[in-house]
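In what follows, a single structure is set out as structure tokens and then discussed.
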Number of protein chains: 2
Amino acid sequence: MKRSDRLVGMTNYLLEHPLDLVSLPFFSERYDAAKSSISEDLTIIDNMFKFEGIGYLESIPGAAGGIRYIPKYDQQKSMAFVDSLAERLNDPSRILPGGYLFMSDLLGEPTTVREIGRLFATAFASLNIEVVVTVATKGIPLAYAVASFLNVPVVIARRDPKITEGSTVSINYVSGSSRKIQSMVLTRRSLKQGSTVCIIDDFMKAGGTIDGMKSLLKEFDATVAAIGVLAEAEDEEDERVVTDYTSLLKIAHVDDRNKEIEVVRGNYFN
Amino acid sequence: MKRSDRLVGMTNYLLEHPLDLVSLPFFSERYDAAKSSISEDLTIIDNMFKFEGIGYLESIPGAAGGIRYIPKYDQQKSMAFVDSLAERLNDPSRILPGGYLFMSDLLGEPTTVREIGRLFATAFASLNIEVVVTVATKGIPLAYAVASFLNVPVVIARRDPKITEGSTVSINYVSGSSRKIQSMVLTRRSLKQGSTVCIIDDFMKAGGTIDGMKSLLKEFDATVAAIGVLAEAEDEEDERVVTDYTSLLKIAHVDDRNKEIEVVRGNYFN
């Protein structure tokens with residue numbers, strides 16, 4: 001097979017298998033080419049991934065080595081993307097009762113959701129995350145997007161314990177902003193004991209829900225290596241029960257009465 | 001820029017923008033190359049996409065023309081994939097009360113979910129779908145996977161009308177299997193009147209939920225061009241209220257008492 005053909009096939013393969021270790025012999029066999037040719041192909045791909053700002057190929061030397069596609073998104077592109085999100089959200093008609101923000105249109109766009117996933121994966125790629133955890137419903141698409149770039153499974157906690165999926169672990173927690181007692185459940189067989197996880201959600205006010213997830217994950221002896229939220233509400237910062245998180249956007253100010261809103265970059269770039 | 005570099009960049013671009021019409025001048029400018037060179041590049045990519053079984057490039061002639069990546073998944077690969085899913089589900093320990101099946105582990109794997117999305121997108125690519133609609137919770141990842149290959153947004157109906165997102169349209173429907181009255185809501189501004197949609201869900205028994213979605217979508221003057229479910233339960237076929245659907249898997253037989261289960265291919269390949 002010619003180099004030009006191989007490059008198309010290998011690019012597709014690597015993009016579909018982020019963070020997976022791929023051995024040179026694997027490509028060598030798949031495309032019937034010498035290892036030295038494959039090696040040259042990979043240099044071309046590495047350079048071009050960098051040029052396109054979608055990451056790079058990491059070489060792991062040795063007999064058990066190979067290469068891994070690290071989906072590191074270009075910083076300038078990330079900033080431009082986050083700014084474009086902020087601009088779209090800076091719209092008073094998006095203000096919902098309770099200081100929430102209408103974001104379902106953005107969260108309904110697979111391309112936007114994928115970009116958000118790419119950004120969190122860029123930030124969390126070196127943390128050896130084994131599972132992405134979220135709570136139903138709005139965080140689900142974001143969790144899958146992050147997971148697809150980290151190449152790990154998603155586990156979904158539910159607020160609604162009705163669905164029988166075998167034995168579950170459940171906790172009660174106090175919602176930080178509404179001060180209501182809520183519950184959250186996770187199916188026992190859905191998460192292995194002792195996993196390293198990241199938590200993904202769409203919105204954080206005081207952080208009660210995320211704190212609840214942390215408590216629930218303790219029951220599974222999980223290590224929470226990272227917490228990623230699309231948007232945080234700054235007005236609630238004083239009461240915040242979760243402090244170690246990464247946010248793409250910050251709702252710096254929202255005033256339902258005067259129809260004012262200000263959305264800025266979150267702490268992602270700090 | 002050299003051909004080898006361009007091929008990597010263009011492959012990435014096309015994979016990220018399925019069904020989008022891309023003009024040759026766009027690539028010509030992006031990679032600073034003559035249109036004739038770009039045209040040769042596209043032939044290489046087209047052949048290689050076919051070889052890898054991930055689709056092909058469609059040429060649209062004329063001044064407003066260009067090419068579109070059609071994510072048509074190879075039939076043999078599709079069958080092998082569906083058979084592997086069936087094999088994994090053919091496990092009596094997966095039987096849940098009420099004739100449901102534990103599938104959360106499969107649905108938690110982004111790679112598996114993406115493959116399922118690719119299969120439905122292959123079947124629905126020519127239907128000019130404008131929106132993918134699902135109902136919370138389990139269908140959400142599948143809906144996004146389909147939508148990402150069809151390059152259209154996702155709209156999520158909810159069973160829980162508590163969440164205030166502005167005015168909603170709500171319907172009551174009778175769940176086909178449990179005969180319970182349930183309700184389903186959709187935010188008014190989430191879906192444009194008169195859209196062509198496809199419905200995606202994870203599981204269909206008698207089809208009450210999907211029938212409910214159809215009623216809800218009628219309120220938005222939507223045309224339901226396709227219905228895709230990952231798995232259908234054959235035992236409920238007599239009572240089925242939805243007949244025109246595409247299923248990847250069929251639970252041909254499930255017996256909770258004797259711990260028997262039989263999962264086979266759905267009607268996708270008929």
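Computed from a predicted model, the values in this text were never measured in an experiment.
- With a 4.5 angstrom heavy-atom cutoff, I45(A) touches chain B via backbone and side-chain atoms both.
- When each of V155(B), L150(B), I54(B) is checked for heavy-atom pairs under 4.5 Å with chain A, I54(B) comes out on top.
- Side-chain contact between R189(B) and F102(A) is present, with at least one heavy-atom pair separated by less than 4.5 Å.
- Heavy-atom distances place no part of Y13(A) under 4.5 Å from chain B, backbone and side chain included.
- For the pair M48(B) and R6(A), the minimum side-chain heavy-atom distance is 4.5 Å or more.
- Contacts with chain B were tallied for A145(A), S4(A), A143(A); S4(A) has the most, counting heavy-atom pairs under 4.5 Å.
- The local environment of CD in Q76(B) is sparse, with at most 12 non-hydrogen atoms from other residues, nucleotides or ligands closer than 6.0 Å.
- For chain B, the nearby part of T187(A) is the side chain; its heavy atoms alone come within less than 4.5 Å.
- For the atom pair K138(B) NZ and I156(A) CD1, the distance stands at 9.0 Å (nearest 0.5 Å).
- The part of V113(A) that comes within reach of chain B is its side chain, from C-beta onward, which places non-hydrogen atoms under 4.5 angstrom from that chain.
- Few gaps surround NZ on K50(A); more than 12 heavy atoms of other groups in view lie less than 6.0 Å from it.
- No more than 12 heavy-atom neighbours from other residues, nucleotides or ligands sit within 6.0 angstrom of CZ on F51(B).
- To the nearest 0.5 Å, atom CE of residue M10(B) and atom CG of residue L7(A) are 13.0 Å apart.
- Heavy atoms of other residues, nucleotides or ligands lying less than 6.0 angstrom from CD of E29(B) number 12 at most.
- When every heavy atom of P110(B) is checked against every heavy atom of P153(A), the shortest pair comes out as CD-CA, 3.8 Å.
- R3(B) has its side chain out of reach of R3(A): every pair of non-hydrogen atoms, C-beta onward, lies at least 4.5 Å apart.
- For chain B, no part of D41(A) is nearby; none of its heavy atoms comes within less than 4.5 Å.
- There is no contact between N47(B) and chain A, counting heavy-atom distances below 4.5 Å.
- Interatomic distance, E16(A) CD to E52(B) CD, rounded to the nearest 0.5 Å: 10.5 Å.
- Rounded to the nearest 0.5 Å, atoms NZ (K2(A)) and CD1 (I44(B)) are 6.5 Å apart.
- Interface remark: S190(A) contributes no atoms to any contact with chain B (heavy atom separation under 4.5 Å).
- Between chain A and the residues V132(B), T112(B), L107(B), the largest count of heavy-atom pairs under 4.5 Å involves L107(B).
- No part of D105(A) comes within reach of chain B, as not one of its non-hydrogen atoms sits under 4.5 angstrom from that chain.
- Listed options P141(B), A136(B), S104(B) were ranked by heavy-atom pairs under 4.5 angstrom with chain A; first place goes to P141(B).
- Taking CD1 from I140(A) and CD1 from I140(B), the interatomic distance works out to 4.0 Å, rounded to the nearest 0.5 Å.
- In terms of heavy-atom proximity, N12(B) sits nearest to T11(A) at N-CG2, 4.3 Å.
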